[in-house]
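What follows is a set of notes on a single structure, which appears directly below.
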Amino acid sequence: MRLDIVTIFPEYFRPLQLSLVGKAINKGLVEVGVHDLRRWTSDRHRTVDDTPYGGGAGMVMKPEPWGRALDELLLDPTPSDAEPMLIVPTPSGERFTQEYAHEWAAEKRLIFACGRYEGIDARVVEHAATRMRVREVSLGDYVLNGGEVAVLAMVEAITRLVPGVIGNAGSLVEESHEDGLLEYPVFTKPPLWHGHGVPEVLLSGHHGQIARWRRDERLRRTALRRPDMIARLDPADLDARDREVLAHVLPGGDTWTQAAQFQASPPAVAD
Ligand code: JAH
């Protein structure tokens with residue numbers, strides 16, 4: 001997989017040499033190119049921004065350097081001649097999820113465009129979309145100073161799903177956001193630490209009881225912290241015990257129905 005990142009702050013991407021992404025690069029599974037957008041400026045001051053048409057606060061990234069940058073990257077057909085996908089982080093994008101991480105981990109070539117200021121002239125995405133697939137995405141409902149930190153997060157989420165990057169592929173399926181519930185809490189030695197014990201069942205050796213306890217904890221945590229995820233569950237995936245656990249977490253019994261009805265403002269949590 002080939003990744004190209006266009007930014008006015010190439011130094012932000014030094015951490016990619018470390019840890020898992022760095023290992024994936026060294027193994028030859030992932031190839032990363034970081035490109036300074038100013039390389040495609042032509043004026044003395046290497047200007048990348050300008051004032052917004054229609055007025056308003058802040059500056060906008062001018063289209064010409066972006067157009068030249070994407071033209072040049074598209075001329076390089078590495079690897080093979082796979083059509084690249086352009087990914088643009090923006091607070092007004094659709095949500096980037098684990099599902100997208102899986103889809104994009106199967107791509108041969110991704111190009112990331114890091115905006116700054118109030119964003120990139122909208123014609124850059126319009127024009128790019130005539131030549132490749134473009135996705136504008138957001139990590140969550142908060143505003144950063146630019147797309148760089150979002151790209152670091154997405155590159156990590158995507159590359160760890162590339163086959164061979166993580167040794168134990170099984171550890172990838174038992175994770176939050178892989179099957180619609182949050183993960184259960186985990187414990188290791190010592191059995192008593194700062195007065196806090198480990199749940200008895202985990203020391204019991206009863207594998208059936210342990211599995212059931214872990215599922216109960218996943219359901220409880222998800223209902224309390226992420227009622228939006230409970231509302232998206234398929235009721236056919238819940239057994240009688242699941243329903244009983246959920247009924248005890250939120251007041252009023254049928255938690256799934258309630259969370260589905262009140263997804264925008266979930267019911268208050270019981271003591
Ligand atoms: C801010 C360009 N949801 C994360 C996120 C992603 C991108 C940006 N902010 C937040 C951003 C300014 C300019 C992108």
Side-chain angles (χ1 to χ4, degrees), residues 3-16 20-21 32-41 45-70 73 84-105 107 109-129 132-161 175-178 182 225-229 232 263-264:
L3 307 177
D4 288 289
I5 301 168
V6 184
T7 171
I8 59 168
F9 293 117
E11 322 85 68
Y12 255 95
F13 297 93
R14 233 27 89 196
L16 287 182
L20 207 80
V21 184
V32 183
V34 179
H35 312 277
D36 186 343
L37 178 69
R38 292 190 202 275
R39 193 175 127 204
W40 291 283
T41 57
H45 294 107
R46 309 178 88 198
T47 311
V48 293
D49 62 336
D50 205 342
T51 53
Y53 277 129
M59 300 289 274
V60 172
M61 290 193 115
K62 35 192 292 102
E64 301 95 324
W66 281 109
R68 290 190 285 263
L70 296 176
L73 291 177
M85 178 148 65
L86 178 65
I87 300 172
V88 187
T90 161
S92 38
E94 55 173 311
R95 183 64 65 90
F96 173 77
T97 60
Q98 188 68 8
E99 252 183 54
Y100 278 118
H102 277 284
E103 283 181 29
W104 298 349
E107 293 282 334
R109 189 170 187 207
L110 302 173
I111 302 176
F112 293 91
C114 301
R116 279 271 149 179
Y117 316 110
E118 302 309 307
I120 306 170
D121 185 304
R123 294 168 294 181
V124 171
V125 158
E126 276 181 25
H127 179 250
M132 60 188 137
R133 295 163 297 158
V134 180
R135 302 288 182 268
E136 294 182 87
V137 290
S138 166
L139 297 188
D141 293 341
Y142 46 84
V143 179
L144 302 169
N145 286 330
E148 283 79 5
V149 166
V151 167
L152 277 176
M154 286 191 282
V155 165
E156 185 161 311
I158 293 164
T159 54
R160 64 195 293 280
L161 298 177
E175 283 185 322
S176 293
H177 306 297
E178 287 295 346
L182 300 180
R225 299 174 180 184
R226 294 295 302 276
D228 59 310
M229 290 172 67
R232 284 195 293 270
Q263 194 182 346

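Values below: every heavy atom of this structure, side chains too, minus hydrogens, waters and symmetry copies. Ligands are counted one by one from 1 in listed order, and the atoms in each one are counted from 1 as well. For this chain, numbers begin at 1 and follow the sequence in order.
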### Message
Could you check whether R116 pairs with D49 (Lys NZ or Arg NE/NH1/NH2 to Asp/Glu carboxylate O, under 4.0 Å)?
### Response
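Looking at D49 together with R116, the answer is no, because their closest N to O distance does not fall below 4.0 Å.
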
### Task
Looking only at distances, please establish whether an N/O atom of ligand 1 is found under 3.5 Å from an N/O atom of G115.
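So ligand 1 has no N or O lying under 3.5 Å from an N or O of G115.
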
### Message
Is it the case that ligand 1 has an N or O less than 3.5 angstrom from some N or O of L139?
### Response
yes

### Query
Taking the side chain as C-beta and beyond, is there a heavy-atom pair between L37 and T7 under 4.5 Å?
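Answer no - side chains too far apart.
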
Just jot down the ligand 1 atoms closer than 4.0 angstrom to any heavy atom of [X], in number order.
X	answer
S138	3 (N)
P91	7 (C), 8 (C), 9 (N), 10 (C), 11 (C)
G147	2 (C), 14 (C)
P89	7 (C), 14 (C)

Starting from [atom], find the nearest protein heavy-atom neighbour and note its residue, name and distance.
atom	answer
atom 6 (C) of ligand 1	A150 CB, 3.9 Å
atom 1 (C) of ligand 1	L144 O, 3.1 Å
atom 13 (C) of ligand 1	Y117 O, 3.5 Å

### From E178 atom CD to E99 atom CD, the distance as rounded to the nearest 0.5 Å
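If I round to the nearest 0.5 Å, the distance is 9.5 Å.
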
### Straight-line distance of C114 SG to H35 NE2, nearest 0.5 Å
11.0 Å

### Message
For residues 52-64, which residue pairs pass the salt bridge (Lys or Arg N to Asp or Glu O under 4.0 Å) check, not counting sequence neighbours?
### Response
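Output for this query lists K62-E64.
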
Less than 3.5 Å apart, which donor and acceptor atoms pair up between the side chains of residues 132-147 and the rest of the protein, not counting sequence neighbours?
from, atom 1, to, atom 2, distance (Å)
R133, NE, E83, OE2, 3.3
R133, NH1, E107, OE2, 3.0
R133, NH2, E83, O, 3.0
R133, NH2, E107, OE1, 2.8
S138, OG, G140, N, 3.2
S138, OG, G140, O, 3.0

### Task
Mind telling me whether Y100 and W104 have parallel, tilted or perpendicular rings, with 30° and 60° as the class edges?
tilted

